[in-house]
Amino acid sequence: MINITFPDNSTREYESGVSSLDIANSISPGLARQVYAASLNGETRDLSRPVNEDARIVFHKWNDEEARHTFWHTSAHLLAAALEELYPGIKFGIGPSIGNGFYYDVDPGDGKVISESDLPVIEKKMKELAKQKIGIERIEISKARALEIFDKKGDEYKTELISELEDGNISLYKLGNFVDLCRGPHLPGTESIKAIKLLSLAGAYWRGDEKRKMMTRIYGITFPKAKLLEEHLLMLEEAKKRDHRKIGKELELFSFSQKVGMGLPLWLPRGSELRQRLIDFMTAELKRRGYTIVTTPHIGNVELYKTSGHYEKYGSDSFQPLNTPQEGEQFMLKPMNCPHHCEIYNASPHSYKDLPVRMAEFGTVYRYEQHGELHGLTRVRSFTQDDAHHFCEPDQMKDEFKKIIDLVQWTFKSLNFTDYTAQISLRDASDKEKYIGSDENWEKAEKAIIEAAGEKGMQTTVVEGEAAFYGPKLDFMVKDAIGREWQLGTIQVDYNLPERFDLSYTGSDNQKHRPVMLHRAIFGSLERFVAVLIESTAGKFPLWLTPDQVIILPVSEKYHDYSKKVLNFLNNSDIRTLIDERNEKVGKKIRDNELRRIPYLLIVGEKEENSSTVSVRKQGKGDIGTMELEEFTNFIRQQVSEELNIK
RNA sequence: GCCGAUGUAGCUCAGCUGGUCAGAGCAGCUGAUUUGUAAUCAGCAGGCCGGGGGUUCGAAUCCCUUCAUCGGCUCCA
């Protein structure tokens with residue numbers, strides 16, 4: 001007999017070899033129907049696996065990530081089983097569960113292609129198999145035996161994976177005729193997979209290596225109930241409506257032109273205004289925080305980038321140098337502002353008393369991004385960074401780091417960006433060749449970042465091997481409408497450029513010292529930031545930021561004169577106001593201007609003209625009553641100042 | 001760069017297996033209406049069906065190629 005302890009600390013006795021599913025059933029069949037996995041002493045296991053020793057058990061229902069991962073992992077196997085029936089000889093790579101569903105990477109064989117039109121057929125086969133209530137069996141075998149099985153099958157991907165595993169702990173899972181190398185855990189059977197949708201199809205390099213074969217990746221999602229799938233698909237549809245490319249077009253914020261060139265955004269008047277407002281907003285804050293603003297050219301001599309090291313590292317993947325007609329000099333479109341800033345630092349001598357120097361620029365940079373990388377405003381070839389460099393004494397590094405984190409937190413809070421994550425990227429200590437700089441400096445910098453983030457109360461994830469080649473960094477990531485993560489703000493330590501540009505300051509000991517340089521951007525790039533802002537607000541920007549704050553809707557032509565008076569009054573009060581003089585009914589004007597996401601609509605007709613008032617409609621809320629003009633301007637001003645005075 | 005898909009009026013989209021297939025709604029313009037809280041009515045105008053080749057008596061429709069876009073992969077100073 002064994003003792004099983006439940007989350008409430010109660011204990012029950014079971015016979016050794018009982019399955020987690022049996023245990024669930026012994027509590028209630030209702031529970032057993034709802035659980036998809038169980039954790040035994042913290043390890044997630046198949047429900048069907050026997051339990052042979054005393055353990056603490058936790059059952060995982062759909063709301064637990066463990067349950068969904070198990071569910072989707074089994075679904076990936078179900079997909080593979082369907083594929084194996086439909087495409088004899090197909091070979092399998094990996095098929096994991098992901099945050100929202102699962103995928104399987106497959107190689108259908110030379111010359112064979114799976115395309116999107118095939119997905120419904122595969123989906124149908126999966127449904128058939130799921131209905132057959134196929135039990136899933138776990139088989140533990142030796143490495144040699146595993147190699148033999150997959151070698152016989154001719155699946156070189158699986159044999160490659162197996163050959164890298166330690167002998168002794170290899171498990172296979174069998175779902176009908178489909179046998180897969182897999183650590184598990186899995187569902188006991190396919191019957192709980194009730195709703196199945198294959199979502200998309202993509203190429204993916206085997207093991208993420210672009211030099212290796214491109215496999216076909218099939219993405220899908222499944223649920224235990226049809227209704228959950230419906231809701232999920234609806235959610236995806238809603239998310240698509242928030243796509244910044246769509247809203248950017250609708251609201252006339254930006255566009256692209258094939259003639260100008262791909263990845264080169266054109267900011268339309270309304271978008272430009274919004275962008276400029278962000279710049280003004282940030283500039284004012286930078287001045288309060290001790291930054292100086294600088295401006296540098298869009299090109300730089302190729303020698304500048306040879307000095308900085310960027311040419312060697314990225315020269316061949318950049319726009320190629322421009323040549324002067326007479327002297328044959330070479331200039332590059334600037335991919336970074338930092339080399340220019342280093343030369344500004346060098347333009348005058350520095351004492352330790354001047355440090356830290358905080359040099360900021362809204363600098364437009366140009367990077368050659370691969371064709372397939374371009375994506376709306378989030379990945380472009382020309383973008384403006386809200387870039388700055390802090391030149392400081394080594395001892396000041398941590399403090400400067402904290403100041404920057406504070407600015408990021410302040411900015412995001414002011415813009416109501418609450419849903420961001422922070423990632424600390426360290427170097428891969430096992431591959432030091434990839435990085436430049438001494439071990440000592442790296443260690444100092446990594447320690448400063450970790451401590452600074454901790455002291456500012458940031459929740460961070462630490463990822464090794466993601467550091468820039470010259471130093472560790474702290475990145476701020478935000479998700480877009482469909483859950484893709486984008487990096488916005490970044491703070492990076494750099495010992496390299498001060499060395500290469502021979503930066504120095506005179507210390508209190510009257511000796512020359514080398515400053516440390518911190519790179520940082522808060523928005524990251526204005527392009528990407530605006531993209532993410534559009535997706536998070538669905539185009540309903542804060543009042544202070546939005547291009548047009550108010551629109552006047554005269555009930556008929558008779559009230560155009562009064563409307564113009566209102567317009568002048570509001571514009572004179574610095575409220576960005578438009579007037580809709582079209583020959584349309586109010587209902588139509590309301591609808592159109594709601595769709596334009598204008599925060600306040602003012603309806604004016606006979607009543608308003610006679611009483612010198614406006615009838616106010618708030619976007620998304622409807623009629624909020626009648627106000628006198630003065631009252632309305634105060635109302636708007638107050639809202640703006642509330643939005644901007646978040647401390 | 002790689003894999004798959006898409007590309008028809010300013011926008012959103014119809015147009016099946018090649019033969020009145022160049023269409024609709026919205027936007028635009030003109031006129032009527034003078035309008036009270038999410039779509040007033042009528043008329044007009046708009047496209048070399050992404051570009052370039054080809055197959056065919058005939059191509060938006062089939063093939064090749066090229067460009068761009070979308071979903072991923074790889075990359076991202």
Side-chain angles (χ1 to χ4, degrees), chain A residues 103 105 107 113-119 199-219 240 243 245-246 249-250 252 255-259 261-263 305 308-315 317-318 334-339 365 367-376 378-381 383 385 387 466 468-471 473 482 484 486-487 490 492 494 496-497 519 525 528 553-560 582-595 601-608 615-625:
Chain A
Y103 66 80
D105 282 350
D107 174 5
V113 175
I114 300 176
S115 70
E116 256 163 64
S117 53
D118 301 320
L119 295 184
L199 296 164
S200 66
L201 196 124
Y205 297 109
W206 170 234
R207 313 208 80 177
D209 183 345
E210 66 180 322
K211 290 183 191 72
R212 305 197 67 179
K213 180 150 184 134
M214 177 148 287
M215 310 197 61
T216 303
R217 176 171 296 180
I218 301 174
Y219 284 92
K240 271 190 202 154
D243 190 318
R245 292 165 296 195
K246 184 176 155 64
K249 200 183 276 183
E250 281 167 10
E252 298 178 316
S255 72
F256 289 90
S257 148
Q258 215 167 313
K259 272 214 180 79
M262 60 168 139
Y305 303 105
S308 72
H310 290 114
Y311 188 79
E312 195 197 341
K313 183 97 182 159
Y314 294 102
D317 295 325
S318 300
K334 87 173 161 186
M336 295 284 287
N337 302 300
C338 35
V365 296
R367 296 183 184 171
Y368 174 79
E369 301 285 2
Q370 294 187 96
H371 170 258
E373 292 305 337
L374 300 172
H375 183 97
T378 51
R379 197 79 187 266
V380 286
R381 287 178 168 175
F383 56 97
Q385 297 177 310
D387 204 3
E466 287 289 305
F469 72 97
Y470 50 76
K473 56 179 183 165
I482 63 170
R484 289 176 292 220
W486 297 96
Q487 178 208 310
T490 181
Q492 312 181 354
D494 189 350
N496 174 49
L497 285 184
H519 304 247
S525 86
R528 183 175 288 178
L553 314 181
V555 164
S556 85
E557 214 175 304
K558 290 183 209 155
Y559 312 107
H560 281 189
R582 292 176 307 160
N583 183 4
E584 295 287 352
K585 293 193 168 182
V586 216
K588 168 78 165 164
K589 292 186 184 182
I590 288 168
R591 180 184 155 77
D592 288 350
N593 290 296
E594 282 278 348
L595 292 175
L601 313 184
L602 302 182
I603 291 146
V604 300
E606 191 181 355
K607 272 187 306 203
E608 288 76 17
S615 173
V616 184
R617 243 189 100 97
K618 190 177 165 81
Q619 174 196 64
K621 290 252 164 63
D623 194 349
I624 59 166

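Naming: A, B, ... by sequence-line order, numbering from 1 per chain.
One finds no salt bridge joining A:Arg207 and A:Asp209 here, because no Lys/Arg side-chain nitrogen approaches an Asp/Glu carboxylate oxygen to under 4.0 Å.
Relative orientation of the A:Phe469 and A:His310 rings is perpendicular, given thresholds of 30° and 60° on the angle between their planes.
Residue contacts shown for A:Ala202 include a base, since a base heavy atom lies under 4.0 Å away. Nucleic acid contact for A:Gln487: none, since no nucleic acid atom lies under 4.0 Å from a heavy atom of the residue. A:Glu252 comes within contact range of no nucleotide atom at all, as no heavy-atom separation falls under 4.0 Å. Nucleic acid contact class of A:Tyr103 (heavy atoms, under 4.0 Å, all strands): none. Here A:Met262 lies in heavy-atom contact (under 4.0 Å) with sugar-phosphate atoms only. At a threshold of 4.0 angstrom between heavy atoms, the contacts of A:Gly208 are confined to the sugar-phosphate backbone, with no base atom among them. A:Phe256 comes within 4.0 angstrom of nothing in the nucleic acid, heavy atoms only. Heavy atoms of A:Gly372 sit under 4.0 angstrom from at least one base atom. Counting non-hydrogen atoms under 4.0 angstrom, A:Lys589 reaches nothing in the nucleic acid. Nucleic acid contact for A:Val555: base, since at least one base atom lies under 4.0 Å from a heavy atom of the residue. Here A:Lys313 lies out of heavy-atom contact (under 4.0 Å) with every strand. Residue-level contact check: A:Ser308 touches neither bases nor backbone, having no heavy atom under 4.0 Å from any strand.
One finds no side-chain N or O of A:Arg217 lying less than 4.0 angstrom from the OP1 or OP2 phosphate oxygen of B:rG71. Here A:Tyr314 reaches the OP1 or OP2 of B:rA77: one of its side-chain N or O atoms lies under 4.0 Å away. Phosphate proximity of B:rG72 to A:Arg484: present, with a side-chain N or O under 4.0 Å from OP1 or OP2. Remark: A:His375 is in phosphate contact with B:rG71, judged by side-chain N or O atoms under 4.0 Å from OP1 or OP2. Neither OP1 nor OP2 of B:rA77 sits under 4.0 Å from any side-chain N or O of A:Lys334. Contact between the side-chain N/O atoms of A:Arg582 and the OP1/OP2 oxygens of B:rC29 is not found at any separation under 4.0 Å. The phosphate of B:rA68 (OP1 or OP2) has a side-chain N or O of A:His371 nearer than 4.0 angstrom. Side-chain N/O atoms of A:Lys588 include none lying less than 4.0 angstrom from OP1 or OP2 on B:rC26.
Residues A:Lys473 and A:Gln487 meet the side-chain proximity criterion, which asks for heavy atoms closer than 4.5 Å. Looking at heavy atoms from C-beta onward, A:Asp592 lies in side-chain contact with A:Arg582 at the 4.5 angstrom threshold. A:Arg212 places none of its side-chain heavy atoms less than 4.5 Å from the side chain of A:Tyr205. Residues A:Met336 and A:Tyr314 have side chains not in contact (no heavy-atom distance under 4.5 Å, counting atoms from C-beta outward). In this structure, A:Ser318 and A:Tyr305 have side chains that are not in contact, with every pair of non-hydrogen atoms separated by 4.5 Å or more. Looking at A:Val604 and A:Leu553, their side chains never come closer than 4.5 Å, going by heavy atoms from C-beta outward.
Nucleotides B:rU69 and B:rC11 have their P atoms positioned 15 Å apart, rounded to a whole Å. Across B:rU61 and B:rC16, the matching P atoms stand 11 Å from one another, rounded to whole Å. Comparing B:rA32 with B:rC70, their C1' atoms are spaced 44 Å from each other, to the whole Å. Spacing between B:rC62 and B:rG1 at atom P, rounded to whole Å, works out to 26 Å. Between B:rA9 and B:rG52, the distance separating the two P atoms is 15 Å to the nearest Å. For the C1' atoms, the distance from B:rA60 to B:rU20 is 15 Å, rounded to whole Å. Distance noted for atom C1' between B:rA27 and B:rC44: 15 Å (whole Å). Taking atom C1' in both B:rG25 and B:rG36, one finds a spacing of 27 Å when rounded to whole Å.
The minimum heavy-atom distance linking A:His371 with A:Arg381 is given by the pair N-NH2, 3.9 Å.
Among the nucleotides B:rC76, B:rA5, B:rU37, the one closest to the side chain of A:Ser615 is B:rU37. The side chain of A:Lys558 approaches B:rU34 more closely than any other nucleotide in the set B:rU34, B:rA5, B:rA38. For A:Glu210, whose side chain is taken as the heavy atoms from C-beta onward, the closest listed nucleotide among B:rU74, B:rC67, B:rG72 is B:rU74. Looking at the side chain of A:Ser556, the nearest of the listed nucleotides B:rA77, B:rG1, B:rU34 is B:rU34. Comparing B:rU12, B:rA77, B:rG4 by their nearest atom to the side chain of A:Lys249 picks out B:rU12. The side chain of A:Ser200 sits closest to B:rG71 out of B:rG71, B:rA77, B:rG4.
Evaluation of atom-type donor-acceptor distances gives a pair under 3.5 Å for the side chain of A:Gln370 against the base of B:rU74. Below the 3.5 angstrom threshold, one finds no donor paired with an acceptor across the side chain of A:Glu373 and the base of B:rG72. For A:Glu594 against B:rA38, a side-chain N or O and a base N or O form a donor-acceptor pair under 3.5 Å. Evaluation of atom-type donor-acceptor distances gives no pair under 3.5 Å for the side chain of A:Arg381 against the base of B:rC76. Contact of A:Tyr559 with B:rG36 (side chain to base): no donor-acceptor pair of N or O atoms is detected under 3.5 Å.
Heavy-atom distances to RNA chain B give each of A:Ile590 and A:Asp317 a nearest nucleotide, and the one nearer the 5′ end belongs to A:Ile590. Mapped onto RNA chain B by nearest heavy atom, A:Thr216 and A:Gln619 fall at different nucleotides, with A:Thr216 at the one closer to the 5' end.
Rounded to whole Å, the distance from OH on A:Tyr368 to P on B:rC75 is 16 Å. Taking atom CZ of A:Arg245 as the reference point, atom P of B:rU69 lies 11 Å away to the nearest angstrom. The nearest whole Å value for the distance from the NZ atom in A:Lys213 to the P atom in B:rC73 is 19 Å. The distance from atom CD of A:Glu557 to atom C1' of B:rG31 is 14 Å, rounded to the nearest whole Å. Across the protein-nucleic acid pair, A:Glu606 atom CD and B:rG36 atom C1' stand 11 Å apart, rounded to whole Å. Rounded to a whole Å, the CD atom of A:Glu250 is 17 Å from the P atom of B:rC26. At whole-Å resolution of the value, CG in A:Asp118 and P in B:rC3 are 18 Å apart. The CD atom of A:Glu116 sits 12 Å away from the P atom of B:rG4 (whole-angstrom rounding).
Taking syn as a glycosidic angle within 90° of 0, B:rG43 does not qualify and is anti.
A:Asp623 CG to A:Ser615 OG: the interatomic distance, rounded to the nearest 0.5 Å, is 4.5 Å.
Both distances falling under 3.5 Å, in either a Watson-Crick or a G-U wobble arrangement, place B:rG4 opposite B:rC70. The base-pairing partner of B:rG25, taking Watson-Crick or G-U wobble contacts with both distances under 3.5 Å, is B:rC11. When both pairing distances are held under 3.5 Å, B:rU55 makes no Watson-Crick or G-U pair with any nucleotide shown.
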